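Just so we're clear, the structure is a prediction, and the values are computed from it rather than from any experiment.
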Amino acid sequence: MGKTTYMKLKGSQNLRLRLLLATLSATPVLIEDIRHEDTLTGLRSYEVSLLRLFEGVCDDCVVEINDTGTKLKYKPGIIMGGRNLVHDCGVDRSIGYFLEPLIVLGLFGKKPLSITLKGITNDSKDPSVDTFQSTTLSILKRFGVPSEGLKLTIKNRAPPPLGGGEVELKIPVIQNSLTAVSWIDEGMVKRIRGLTFTSRVSSQFEHTMRYAARGIFNRLLPDVHISTYHSSTGKSPGYGISLVAETTSGCFISADTAVSYRRGDELGEDKDEESNELMPPDEVGVQIASVLLGEIEQGGVVDSTHQGLLFLLCALCPQDVSKVRVGKLSPNGIETLRNIRDFLGVKFVIKPDPSTGTVILKCVGCGLKNLSRKLS
């Protein structure tokens, strides 16, 4: 065996994306200076948890972290998939943080992936599990991922800081490679669906958020349905709403948020009265409805939170041209494009469309095939 050559990177930014691309492209990485200037140096507990998740799904993957956690050596293994896996995501980040890389990783496994994730399902930082169920999985189907075996079952919803939620994810393996897409028609919004949830607060909050959101949408279109869910297993008080707009061309544009106490507030550590007050449910409903309308106004076939996933799937396609339309490029989308260039060698042609204020991106995929499956 020859000496392993590592791709050298610095800093903690985009760690999750870098680990995902390193695994897909089988590139060993050495990441140094991880938060070396912060008061709390090194990897955070949720990033270590993500590495453990990658170890659980892959075989023969090597992770080395130094004592201070500021240096990480990661040598990817073979993506195995597997059935009845369980992973506790902890309470520092929500399940959405772990789902994003997992859904791409699972496609290139040796066997279909079936995993139960436990932790926080809805928060204001990461996409909620409802958004994954309604929007993210439908994007995968565009790229030729089979509908059979592609499923996210939400068993319990729970807000931060103590969590208590549980979801089960099933991802099929792709037979050979993804399918290149030409996806530039966003269509017109024909219906809006959504869900409000509460945990350890009055269920009346659900109806207040619902009516507030519908008060905005009903002026614009008649087909609006928002259902309610009251969590009996959540360990912390909180409430939230997830909305998705479906267009005539089959695009899904989503927005979601959740409101809950921070970890210190609930334990009585935070004495600042103003920060203890949560946003009233009617304001939450109005705010997230406005955010969704803003996403629709920007145009594009996906919302800003899904741009990174869209570009990544385009780059992983066979050596054929993919063409997609998005609204204003999000910071996450731009960073994803840079990392795709570094790891996969795929460059996008970016062309603004002044008539609609959107951006059209074209690329030739790297032709990543599911080699794990061939090994069996």
Side-chain angles (χ1 to χ4, degrees), residues 4-34 43 46-65 71-81 96-110 113 126 136 139-140 143 145 171 173-174 177-178 180 302 305-319 322 324 329-348 361 363-372:
T4 308
T5 49
Y6 287 88
M7 181 178 182
K8 290 186 177 174
L9 302 163
K10 286 195 173 186
S12 62
Q13 66 275 20
N14 307 307
L15 182 79
R16 181 176 58 157
L17 177 63
R18 285 168 166 181
L19 291 175
L20 173 61
L21 285 167
T23 310
L24 291 171
S25 60
T27 309
V29 288
L30 170 64
I31 305 174
E32 297 177 307
D33 300 343
I34 301 172
L43 291 165
Y46 59 84
E47 291 166 337
V48 176
S49 180
L50 182 71
L51 284 162
R52 296 284 167 265
L53 178 61
F54 274 46
E55 281 183 323
V57 176
C58 303
D59 199 10
D60 202 27
C61 134
V62 181
V63 176
E64 290 176 28
I65 304 168
K71 189 174 172 183
L72 164 69
K73 261 187 180 181
Y74 175 70
K75 189 180 169 208
I78 299 161
I79 307 165
M80 298 300 287
Y97 175 84
F98 298 85
L99 280 175
E100 285 186 71
L102 203 54
I103 53 174
V104 181
L105 212 55
L107 298 173
F108 295 92
K110 195 170 178 179
L113 177 67
D126 299 297
T136 313
I139 294 173
L140 293 182
F143 287 84
V145 177
I171 298 280
V173 292
I174 51 169
S177 62
L178 296 167
V302 295
T305 53
H306 284 94
Q307 281 183 15
L309 175 68
L310 179 69
F311 300 154
L312 181 57
L313 291 170
C314 288
L316 295 173
C317 281
Q319 289 171 332
S322 286
V324 291
L329 281 171
S330 66
N332 170 42
I334 293 164
E335 286 297 332
T336 305
L337 290 173
R338 285 181 182 146
N339 280 288
I340 286 169
R341 180 197 62 202
D342 295 345
F343 279 92
L344 304 174
V346 173
K347 291 183 181 176
F348 283 73
L361 293 98
C363 80
V364 175
C366 70
L368 186 73
K369 289 186 161 44
N370 189 352
L371 295 173
S372 304

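- No donor-acceptor pair under 3.5 Å is formed between the side chain of Asp33 and the backbone N or O of Lys10.
- Scanning both residues, Leu344 and Cys366, for their nearest heavy atoms gives O-CB, 4.1 Å.
- In this structure Val62 satisfies the side-chain contact (heavy atoms from CB on, under 4.5 Å) test together with Glu64, Lys75, sequence neighbours excluded.
- Two residues are said to be in side-chain contact when any heavy atoms from C-beta on lie closer than 4.5 Å; Leu312 and Leu21 meet this criterion.
- Annotation: side chain of Phe348 is not in contact with side chain of Arg341 (no heavy-atom distance under 4.5 Å).
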Intermediate values then yes/no, side-chain contact (heavy atoms from CB on, under 4.5 Å), Leu51 and Tyr74: CA-CA 9 Å; Leu51 284 162; Tyr74 175 70; 4.1 Å; yes
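- Between Ala315 and Ile340, the shortest heavy-atom contact is CB-CG2, 3.5 Å.
- Once rounded to the nearest 0.5 Å, the distance linking CD1 of Ile139 with CG of Leu309 reads 5.5 Å.
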Compile the donor-acceptor pairs under 3.5 Å between side chains in residues 329-336 and protein atoms, sequence neighbours left out, one pair per line.
{"unit_1": "Ser330", "atom_1": "OG", "unit_2": "Ser304", "atom_2": "O", "d": "3.4"}
{"unit_1": "Ser330", "atom_1": "OG", "unit_2": "Gln307", "atom_2": "OE1", "d": "3.2"}
{"unit_1": "Ser330", "atom_1": "OG", "unit_2": "Gly333", "atom_2": "N", "d": "3.1"}
{"unit_1": "Glu335", "atom_1": "OE1", "unit_2": "Asn14", "atom_2": "ND2", "d": "3.0"}
{"unit_1": "Glu335", "atom_1": "OE2", "unit_2": "Arg338", "atom_2": "NH1", "d": "3.2"}
{"unit_1": "Thr336", "atom_1": "OG1", "unit_2": "Asn332", "atom_2": "O", "d": "2.7"}

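- Closest heavy-atom contact between Leu50 and Pro101: CD1-CG, 4.0 Å.
- For the residue pair Pro76 and Thr23, the shortest heavy atom distance occurs at CB-CA, 3.6 Å.
- Partners of Asp342 under the side-chain contact (heavy atoms from CB on, under 4.5 Å) rule, at least two apart in sequence or in another chain, are Met7.
- No side-chain heavy atom of Leu107 sits under 4.5 Å from any side-chain heavy atom of Asn370.
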